[in-house]
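The structure appears right after this line, and notes come after that.
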Amino acid sequence: MTSDSTHVARTPACTPRGERPWLDASATPECRADALLATLRTPDEQLAFLAGGGFGNPPAFAEHGLDTGRTQDGPAGFNGGTAWPTPLTLAASFDPELAARYGAALGREFHESGRNGILGPAFDTTRTWHFGRSTESFGEDPYLASRLAAREVAAIQSEHVLVTMKHFAAYTQEQGRLGDSPTGERPAVNQIVSERALREIYLPAFEAAVVEGRAGGVMCGFPRINGTYACEHEELLTRILKREWGFDGAVAPDFPVGQRSIVRAFTAGLDSGIMSPDAAGPEASTRRFAGDISLREAVAQGRLAPSRVQDLVRRRLVPGFRVGTFDHPASSVRDDPSTPEARALAVEIIESGAVLLKNDGTLPLAPAARRIAVIGPQSGAGAVVVEQGSPYVEPRHLVTAVDGIKSRAPRDVAVVHAPGGPTLKALPLPPPGVFTAPSGEPGLLAEYYASPDIALRGTPFVARVEPAVNAEGVPKLDGFPGDKGWAARWRAKFTARTGGRHRFTLEGSGTAELWVDGKRVDAFAHSDFGSVLYAEIDLEVGARSEEHTSELQSRGLI
């Protein structure tokens, strides 16, 4: 049985001009794609043309005169450009026109920095406050998200920057999103969603981005949806996205772990990704792709139609011709593409998305005010003002709240600042001697168990005193299990040198618990992104407190 997932309508006969007719900008995108495809006569040649592309364009594209810039993550800008407000702030403005202005400014910065592709925007629907990616998207309202998505995508691509919207679809939580990391050996979380919920809640923003914004790329997510992985979901990728909405671009996986198969995924509608087990590395090929074959072999065996391979080529070319990434390559590079106009727009978005819950008459401040107190950890130098992870953008032009108030206050007005509470960041590693192991030695007693059971039963595989909690990767112990087959605990006593409130933090990913004096005070489970645990206790001078942590993830605690 063969499969043909070709869903781009054939164009009327056309005759583009020139020695390389696909470079004729006067022809339609479909016509230009067919002209290049005509030079790639066999599935082998077509697959070779696509090889080594990843999220960018394959090397063979440049050989055919299709020079493009780089592609980079950018749900809230890219690191080096303007540190834009979170997309959730943009959504709080309820202003599609503002979304269009933001999209144009974002696309302009990408292009001026040598980038023709953006991995974003993100259109995940917020269904729980536990969802760590919620601020990258437009919140919980499907209609609002759809109105903003259409305008933003169209504006970004008007600057000759191809979007790859994410994460398609029903990506709503962090726990178990990969199953495990980095191998993808275990099953990812399974989202049970009715078709009505998909249609009414999870898909409207994507549909608007495709139908109205004409998005050129889609990133399929990590989870399973009703038992089928998003990157193998023929109902979503083929019937809805390509046939129903008329999507003419390529579907790519979110990170390599998002792709769990080769033939099955490309048959279902994946268009870009790992095409051969040999190209995935020994670990991936023996686990995720065990028993799979390459697309080349699938065509030879009749399991994949040659027309589907042609479709893969078209879907990489047509959006590029349509958006203009090939005709307007981002060749020039500006070290700092952020402009005063862009930063003014960022401020406008923040103001439009901010809500003053109550004003009892204090604001605006009376001219008679001579002393202003600015209180809060987010108002000073230690503020966390941008998302971490893929949307991180270094705030090169940051003006903190306290500095902004000082700059606007009259010279005879004193502006004082106090944190007023704990920062959102983890505390630095403690200096030597702060913690004492049960034996009395400086440091913590580290106990490693050759089992993933966080209950830590039985005898430790190894027990030793270490200066700090640190589990970056699998411990290098002879005979110790790799991957996620282990757990560890660090125990120590803390003696207060000063009286008052003392704060402890534990930062990491995976599954971890923070215990103080025999009580669990904070925990996270199956967290793929860095999380921070907190404990605050009041101690008198000389008072002792015992702390221990439990950890279950080889990426560990840092």
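As a basis for the values below, the full set of heavy atoms in this structure was taken, side chains included, without hydrogen atoms, waters or symmetry mates. Just so it is clear, the model here is predicted, and its values are computed rather than measured.
- A salt bridge does not link Glu140 to Arg127: none of the charged side-chain nitrogens sits closer than 4.0 Å to a carboxylate oxygen.
- A donor-acceptor contact closer than 3.5 angstrom links the side chains of Thr172 and Gln191.
- At a threshold of 4.0 Å, the pair Lys166-Asp124 does not count as salt-bridged, since none of the basic side-chain nitrogens sits closer than that to a carboxylate oxygen.
- No more than 12 heavy-atom neighbours from other residues, nucleotides or ligands sit within 6.0 angstrom of CD on Glu540.
- Counted by atom type alone, Ser352 and Ser93 present zero donor-acceptor pairs between their side chains at under 3.5 Å.
- Side-chain atoms of Lys519 and Asp517, non-hydrogen and from C-beta on, never get closer than 4.5 Å to each other.
- One N or O on the side chain of Thr125 and one on the backbone of Ile201 form a donor-acceptor pair closer than 3.5 Å.
- One N or O on the side chain of Thr339 and one on the backbone of Ala342 form a donor-acceptor pair closer than 3.5 Å.
- At least one side-chain heavy atom of Leu98 sits under 4.5 Å from a side-chain heavy atom of Leu345.
- In this structure, a donor-acceptor pair under 3.5 Å is present between the side chains of Thr82 and Glu109.
- When atom types are taken as modelled, the side chain of Asn116 and the backbone of Ala330 share a donor-acceptor pair closer than 3.5 angstrom.
- With respect to Glu212 and Arg151, no salt bridge is recorded, no charged nitrogen being found less than 4.0 Å from a carboxylate O.
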Discussion item. Run Glu348 and Arg101 through salt bridge (charged side-chain N to carboxylate O under 4.0 Å, His left out) and show every step you take.
Written reply: CA-CA 11 Å; Glu348 182 181 346; Arg101 291 169 57 201; 2.9 Å; yes
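- Nearest approach of Glu159 to His111, heavy atoms of both residues: O-CD2, 3.4 Å.
- For the pair Gly380 and Thr400, the tightest heavy-atom approach, listed with the atom from each and the gap, is O-CG2, 3.6 Å.
- Figure legend: cation-pi geometry between Arg133 and Tyr171 absent, as NZ or CZ is not positioned both under 6.0 Å from the six-membered ring centre and within 45° of its axis.
- Residue Ala169 comes nearest to Ala230 through the heavy atom pair N-CB, 4.4 Å, listed as atom of the first residue, atom of the second, then distance.
- Using a 3.5 Å distance cut-off with no hydrogens or angles, the side chains of His397 and Asp336 do pair a donor with an acceptor.
- Val218 has its side chain within reach of Leu241: a pair of non-hydrogen atoms, C-beta onward, lies under 4.5 Å apart.
- One N or O on the side chain of His160 and one on the backbone of Val323 form a donor-acceptor pair closer than 3.5 Å.
- Using modelled atom types, one side-chain atom of Asn79 and one backbone atom of Glu394 make a donor-acceptor pair closer than 3.5 Å.
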Worksheet item: Run the side chain to side chain contact (heavy atoms under 4.5 Å, CB included) check on Phe435 and Trp490 step by step: do they pass?
Response: CA-CA 11 Å; Phe435 292 110; Trp490 288 262; over 6 Å; no
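- Checking Ser113 against Arg115 by side-chain atom types alone, a donor-acceptor pair falls below 3.5 Å.
- A salt bridge is defined here as a Lys NZ or Arg NE, NH1 or NH2 lying under 4.0 Å from an Asp or Glu carboxylate O, and Arg408 with Asp403 fails to meet this definition.
- The CZ atom of Phe110 sits 4.0 Å away from the CD1 atom of Ile118 when rounded to the nearest 0.5 Å.
- Considering only heavy atoms from C-beta on, Gln173 comes within 4.5 Å of Val189 through its side chain.
- Aromatic rings of Phe504 and Tyr534 (six-membered ring for Trp) have centroids beyond the 6.0 Å cut-off, not under it.
- Formation of a donor-acceptor pair under 3.5 Å by the Arg370 side chain with backbone atoms of Pro367 is found in this model.
- Counting heavy atoms from C-beta on, the side chains of Val434 and Phe494 come closer than 4.5 Å.
- Arg108 contributes no side-chain N or O that, together with a main-chain N or O of Leu106, makes up a donor-acceptor pair within less than 3.5 Å.
- Phe247 has its side chain out of reach of Val211: every pair of non-hydrogen atoms, C-beta onward, lies at least 4.5 Å apart.
- A distance-only check finds no donor-acceptor pair linking the side chain of Gln72 to the backbone of Leu119 [under 3.5 Å].
- The aromatic rings of Phe206 and Phe123 stand perpendicular to each other, their planes meeting at an angle above 60°, with 30° marking the opposite boundary.
- The two residues Val541 and Gly499 have their closest heavy-atom pair at CG2-N, 3.3 Å.
- Side-chain contact between Phe168 and Met219: absent, with no pair of heavy atoms (C-beta onward) separated by less than 4.5 Å.
- Of all heavy-atom pairs spanning Gly81 and Pro337, the tightest one is CA-CG, 4.1 Å.
- The closest donor-acceptor contact from the side chain of Asp522 to the backbone of Leu533 lies at 3.5 Å or more, if one exists at all.
- At a threshold of 4.5 Å between non-hydrogen side-chain atoms, the residues Lys406 and Val374 do not count as touching.
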Fill in: From CA spacing to verdict: side chain to side chain contact (heavy atoms under 4.5 Å, CB included), Val257, Phe222
CA-CA 7 Å; Val257 182; Phe222 292 118; 4.3 Å; yes
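- In summary, the side chains of Ser272 and Arg316 do present a donor paired with an acceptor at a separation below 3.5 Å, with no hydrogens or angles considered.
- Of all heavy-atom pairs spanning Val153 and Pro121, the tightest one is CG2-CD, 4.3 Å.
- Proximity of a side-chain donor or acceptor of Ser379 to a complementary backbone N or O of Gly376 within less than 3.5 Å is detected.
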